[in-house]
Amino acid sequence: MQAFIYPVVLSVIIAAIAATMLSLASKFMAVPVDETAEKIKECLSGANCGACGFAGCDDYAAALAADRTLPSNLCVPGGDTSATKIAAILGQDAMDVIEQVAIVHCSGICDVTKPEMEYQGYSSCKAVKGFFGGPGSCKFGCIGLGDCSKVCPKGAITVCNGIAKVDRKLCVGCGVCASTCPQNIIEITPLKSRVVVGCASADKGKITKDLCARGCIGCKLCEKECKFDAIHVIGNHAVIDYDKCRSCGMCSKVCPRGIITVFAKD
């Protein structure tokens, strides 16, 4: 009988010693918790998207608690609600959040461009990009395998007819999709700027025209029409300066390829 009792007693003693050591370690090695930072963290979106310029919500909350001069309106997904709550905690005046939205610089739906090959492998834009550049004839367009839609925390992106499409009502402009896209054709822009150029091809006009019926050919008609110097052909495709753009839509009206879209006010 004693042969069974001794191991049990020994195990209990070891467990008691370990519990005591863990208890002491938790007290002596405890990291002080900044209560202000914890309160601020509760006000943030929790997306950990990095849109604020910090590594995540924890870092932004800690930075705000340590430095009251930092802007309290950098949580784009949290919007004005988060900014107002944070300002109240810090005893500051609330600052407006500039709403952002993701846009996709590609109009190469299945009907207007031709695939270079039929791909039936692993469904990942990043993997395909690294392997052979993508199945599409245009190497600058959307690969269409949905890496962006898989990481979107709001379900705001879907792949429709071969290209990514953003639901502007659901998108909070966190930027996770933009950092995920291996083609770098997703951009985060101010929500108030409603004009989008649906092409990012760096090919010359003739090549683009042969590859895609909706690709920018760099004709510069939009550039000449704009009264605000807000759009220019850079790298063989039109690029909008959103600081100057007034969303008048004149560039869209003269575009012969129909790739400049003007969204209605949200």
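Quick caveat: nothing in here was measured; it's all calculated off a predicted structure.
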Got a second to check how far [X]'s [atom1] is from [Y]'s [atom2], nearest 0.5 Å?
X	Y	atom1	atom2	answer
Cys248	Arg194	SG	CZ	9.5 Å
Thr189	Gln100	OG1	CD	7.0 Å
Cys255	Glu225	SG	CD	12.0 Å
Leu90	Leu70	CG	CG	9.5 Å

Please answer whether the main-chain N or O of [Y] pairs with a side-chain N or O of [X] as donor and acceptor at a distance below 3.5 Å.
X	Y	result
Arg214	Ile259	no
Thr158	Cys160	no
Glu223	Val233	yes
Ser252	Thr261	no
Arg68	Ala66	no

Kindly write out the residues that satisfy side chain to side chain donor-acceptor pair (under 3.5 Å) with [X], not counting sequence neighbours, or none if the list is empty.
X	value
Lys139	Glu116
Ser137	Thr113
Asp59	none
Ser107	none

Got a sec, which pairs hit ring pair (Phe, Tyr, Trp, His ring centres under 6.0 Å) with one end in [range], sequence neighbours left out?
range	value
residues 124-180	Tyr119-Phe132
residues 144-180	none
residues 48-96	Phe54-Tyr60
residues 209-243	none

Who passes salt bridge (charged side-chain N to carboxylate O under 4.0 Å, His left out) against Lys206, sequence neighbours left out?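 By the salt bridge (charged side-chain N to carboxylate O under 4.0 Å, His left out) rule, Lys206 matches Asp210.
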
Does [X] have any side chain to side chain contact (heavy atoms under 4.5 Å, CB included) partners at least two apart in sequence or in another chain, and if so, which?
X	answer
Cys57	Leu44, Asn48
Lys192	Pro190
Lys126	Ser124, Asp147

Verify side chain to side chain contact (heavy atoms under 4.5 Å, CB included) between Lys39 and Lys85, making sure each step is shown before the conclusion. CA-CA 9 Å; Lys39 291 179 180 178; Lys85 291 180 179 179; over 6 Å; no

Could you check whether any side-chain heavy atom of Asp58 comes within less than 4.5 Å of a side-chain heavy atom of Lys41, counting everything from C-beta outward?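 They are in side-chain contact.
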
Which of these passes side-chain contact (heavy atoms from CB on, under 4.5 Å) with Ile231: Val239, Asp241, Ile260?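 Between Ile231 and the candidates, side-chain contact (heavy atoms from CB on, under 4.5 Å) is satisfied uniquely by Ile260.
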
